[in-house]
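These notes concern the structure reproduced below.
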Amino acid sequence: MNKRDYYEVLGVEKNASESEIKSAFRKLAKKYHPDICKDPDGAEKFKEAQEAYVVLSDANERAKYDQFGHAAFSGGGASGGAGGYDFSGFDFSSIFDDLFGGNDFSSFGFGGMGGFGRKTGHRRRGNDLVYNLKIDFIDAAYGAKKDITIDVIDNCESCHGEGGFDKITCSTCGGSGVVQSETRTIIGTIMTKTQCRDCGGIGHTFKKSCSECRGKGKIKQRKTYTIEVPKGINTGEQIRMSGKGECGINGGPNGDLYIEFTVNNHPLFKREESDLYVELPVTVTDLVLGSVREMNTLDGRIEVKIPSGSQAGEILRVKGKGIANVHTGRPGDLYIVLKLILPTKLNKTQKELFNELKNTSLDDNEAFRRFEKLNK
């Protein structure tokens, strides 16, 4: 019988790394596992991939195969077939323990354990949850308390998360949660452990199923939590509420609830980390002659001194008038951008004054002198 090259089976190059071989087999296992694959030749492709992985994932066996090919395993026992590897008595469940870490396989579409030979009765941590909380700019600056309401999968209170009443040992698996079987194939006898279908892998059943949760042991509950908004929190930052996520499996710990914040914009202030920026409208005389202006900050009113000869767009710094750093508590600074506002309506006297300013010399201004020199 002709056997396909093991590298070809997994779809990897001959110099593939251990992680590439493992990744390739994971994909094939999820694609051709008998529990989900409906193709007539799916089972054979699954076994073929198993065989290739067992050889190529073992450094010694891979070295033999690279040197001699399938001939390296000829005469390897009754299950070796025509120049094949000896799989007699090999427990393939160990492969999946190594690849998938004993985790729940529902994320791979196998319906729980998916026949991979892992008992699902072990304790597992519940899923984490993320809640996006939108808050006002002022609440982020000063801190606040906010109530949120979310739906959480929690243990059923009626049956205490068991799913039923009057627990009895499963007669099919004897309480182990798994059923072992042997399959004779062209590559030998393969031992597989699959999840017990009668108890779902937990090792026991119940005389009476819980009507509240319909035997699931879990139920969706609406819960309200009070959130302490940290002073200085910013958009995209999170806080963790330990144990407020979904309930654990088989007595495992609850997951966590993560609150992710979105801070609304402020009509006046712009924020960069802990610093604040604000535009202060000023007149020509404010810039030329200088002035003192009053303005609001998040920390009360302050006086802003505009030096004479200031330029439009110039930035003044007021130390410590920004937002508190959420980690250190130290406040940032307030940066005031001088925004020149020109009048659109002038009376006769004002026009005359501006006409007198037409002849104002700017020769003492370096930027003006440089422009005039290059503009000749």
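All residue numbers refer to positions in the sequence shown, counting from 1.
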Requested in this report: I would like to know whether Asn296 and Arg301 meet side-chain hydrogen bond (donor to acceptor under 3.5 Å, both in side chains); could you show each step before the answer?
Outcome: CA-CA 4 Å; Asn296 288 323; Arg301 289 183 70 80; 3.0 Å; yes
Query raised in the report: So do Ile336 and Ile315 actually touch side chain to side chain, heavy atoms under 4.5 Å?
Result: no
**Report entry** Linked, directly or transitively: Ile219 and Ile150 (ILVMFWY side chains, under 4.5 Å)
**Finding:** no
Report summary line: For Val179 and Cys173 the tightest heavy-atom approach is CG2-CB, 4.3 Å
Query raised in the report: Roughly how far apart are Cys159 SG and Lys208 NZ, rounded to 0.5 Å?
Result: 11.5 Å
Query raised in the report: Does CD belonging to Gln238 count more than 12 external heavy atoms closer than 6.0 Å?
Result: yes
Report task. Show your reasoning for whether side-chain contact (heavy atoms from CB on, under 4.5 Å) applies to Asn265 and Phe137. Result -> CA-CA 6 Å; Asn265 294 327; Phe137 190 93; 6.0 Å; no
**Report entry** Side-chain heavy atoms of Lys223 within contact of Asp154, under 4.5 Å
**Finding:** yes
**Report entry** Joint hydrophobic cluster, Leu316 plus Leu280, side-chain heavy atoms closer than 4.5 Å
**Finding:** yes
Query raised in the report: Could you walk me through whether Tyr7 and Arg62 pass the side-chain hydrogen bond (donor to acceptor under 3.5 Å, both in side chains) check?
Result: CA-CA 10 Å; Tyr7 292 101; Arg62 181 178 180 180; 2.9 Å; yes
Query raised in the report: Do Lys45 and Asp39 meet the salt-bridge criterion of a basic N to acidic O distance under 4.0 Å?
Result: no
Report task. Flag the pair Glu51 and Lys3 as a salt bridge only when some basic side-chain nitrogen lies within less than 4.0 angstrom of an acidic carboxylate oxygen. Result -> yes
Query raised in the report: Taking the side chain as C-beta and beyond, is there a heavy-atom pair between Ile168 and Lys207 under 4.5 Å?
Result: yes
Query raised in the report: Does atom CZ of Arg222 have more than 12 heavy-atom neighbours, drawn from other residues, nucleotides or ligands, at distances under 6.0 Å?
Result: no
Query - pair Leu129-Tyr258: side-chain heavy atoms closer than 4.5 Å - result: no
Query raised in the report: Roughly how far, to the nearest 0.5 Å, is the CD atom of Glu13 from the CD atom of Glu8?
Result: 11.5 Å
Query raised in the report: Is a side-chain donor or acceptor of Arg293 paired with a backbone partner of Met295 at a separation under 3.5 angstrom?
Result: no
Query - Aromatic ring proximity Tyr32/Phe46, centre distance under 6.0 Å - result: no
Report task. Please tell me if the side chains of Ile227 and Met241 come closer than 4.5 Å, counting only heavy atoms from C-beta onward. Result -> yes
Query raised in the report: Mind checking whether His266 and Phe269 have parallel, tilted or perpendicular rings, split at 30° and 60°?
Result: tilted
Query raised in the report: Any salt bridge (charged side-chain N to carboxylate O under 4.0 Å, His left out) pairs touching residues 250-265, not counting sequence neighbours?
Result: Arg125-Asp256, Arg240-Asp256
Query raised in the report: Hey, is NZ on Lys231 packed in by over 12 heavy atoms from elsewhere, all under 6.0 Å?
Result: no
Query raised in the report: Applying the side-chain contact (heavy atoms from CB on, under 4.5 Å) test to Glu237, which of Ile239, Ile233, Thr235 qualifies?
Result: Ile233
**Report entry** Separation between OH of Tyr225 and CG of Leu257, rounded to the nearest 0.5 Å
**Finding:** 7.0 Å
Query raised in the report: Counting distance only, does the side-chain N/O of Asp136 pair as donor-acceptor with the main-chain N or O of Asp139 below 3.5 Å?
Result: no
Report summary line: Minimal heavy-atom distance between Phe165 and Ser158, with the atoms involved, is CE2-O, 3.6 Å
**Report entry** Considering all heavy atoms, the nearest Cys210-Cys156 contact
**Finding:** SG-SG, 3.9 Å
Query - Arg317, Lys321, Lys319 screened by salt bridge (charged side-chain N to carboxylate O under 4.0 Å, His left out) with Asp333, the one that passes - result: Arg317
Query raised in the report: Should the heavy atoms of other residues, nucleotides or ligands under 6.0 Å from CD of Glu352 be counted, would the total exceed 12?
Result: yes
Query raised in the report: For Glu157, does the CD atom sit with more than 12 other heavy atoms under 6.0 Å from it, leaving out its own atoms?
Result: no
Query - Short N-O contact, Lys167 and Glu162, less than 4.0 angstrom - result: yes
Requested in this report: Consider only side-chain N and O atoms of Thr224 and Asp147, and report whether a donor and an acceptor are under 3.5 Å apart.
Outcome: no
Query raised in the report: Is a side-chain donor or acceptor of Ser23 paired with a backbone partner of Ser19 at a separation under 3.5 angstrom?
Result: no
Report task. May I ask you to decide if the ring planes of Tyr65 and His70 are parallel, tilted or perpendicular, using 30° and 60° as cut-offs? Result -> perpendicular
Report task. May I ask you to decide if Asp58's main-chain N or O and Glu61's side chain share a donor-acceptor pair within less than 3.5 Å? Result -> no
Requested in this report: Please check if atom CZ in Arg214 has more than 12 non-hydrogen atoms from other residues, nucleotides or ligands closer than 6.0 Å.
Outcome: no
Report task. Without swapping roles, check the side chain of Glu356 against the backbone of Leu353 for a donor-acceptor pair under 3.5 Å. Result -> no
Query raised in the report: Distance from Glu279 atom CD to Ile341 atom CD1, nearest 0.5 Å?
Result: 8.0 Å
Query raised in the report: Mind checking whether Val304 and Leu289 sit in one hydrophobic cluster, side chains of I, L, V, M, F, W, Y counted as touching below 4.5 Å?
Result: yes
Requested in this report: Verify side-chain contact (heavy atoms from CB on, under 4.5 Å) between Arg271 and Ile323, making sure each step is shown before the conclusion.
Outcome: CA-CA 8 Å; Arg271 179 177 178 180; Ile323 288 181; 3.8 Å; yes
Report summary line: Correct closest heavy-atom pair for Leu338 and Ser310 would be CD1-CB, 3.9 Å
Query raised in the report: In this structure, are over 12 heavy atoms from other groups packed under 6.0 Å from Asp5 atom CG?
Result: yes
**Report entry** Residue pair Ile135 / Asn264, side-chain heavy-atom distance below 4.5 Å
**Finding:** no
Query raised in the report: Okay, side chain of Gln350, backbone of Asn347: is any donor-acceptor separation there less than 3.5 Å?
Result: yes
**Report entry** Distance-minimising heavy-atom pair for Ser308 and Val288
**Finding:** CB-O, 3.5 Å
Report summary line: Nearest heavy-atom approach of Ala16 to Val12 is CB-CB, 3.8 Å
Report task. Answer whether the closest heavy-atom distance between the side chains of Val284 and Leu340 falls below 4.5 Å. Result -> yes
Query - Check against side-chain contact (heavy atoms from CB on, under 4.5 Å), Ile21 and Leu10 - result: CA-CA 7 Å; Ile21 290 173; Leu10 296 182; 3.8 Å; yes
Requested in this report: Compute the ring centroids of Tyr277 and Tyr335, then answer whether they are less than 6.0 Å apart.
Outcome: yes
Report task. Please assess Asn132 against Thr262 for the test side-chain hydrogen bond (donor to acceptor under 3.5 Å, both in side chains), listing each intermediate value before the final yes or no. Result -> CA-CA 7 Å; Asn132 186 272; Thr262 298; 3.2 Å; yes
Query raised in the report: How far apart are the C-alpha atoms of Asn155 and Lys218, what are their side-chain angles, what is the distance that settles it, and do they pass the side-chain contact (heavy atoms from CB on, under 4.5 Å) test?
Result: CA-CA 5 Å; Asn155 285 319; Lys218 316 295 177 188; 2.7 Å; yes
Query raised in the report: With side chains defined as the heavy atoms from C-beta onward, is the minimum distance between Ile153 and Asn127 less than 4.5 Å?
Result: no
Query raised in the report: Is Leu342 reachable from Ile306 through a run of I, L, V, M, F, W or Y residues, each pair having side-chain heavy atoms under 4.5 Å apart?
Result: yes
Query - Shared hydrophobic cluster, Val130 / Phe261 (ILVMFWY, side-chain heavy atoms < 4.5 Å) - result: no
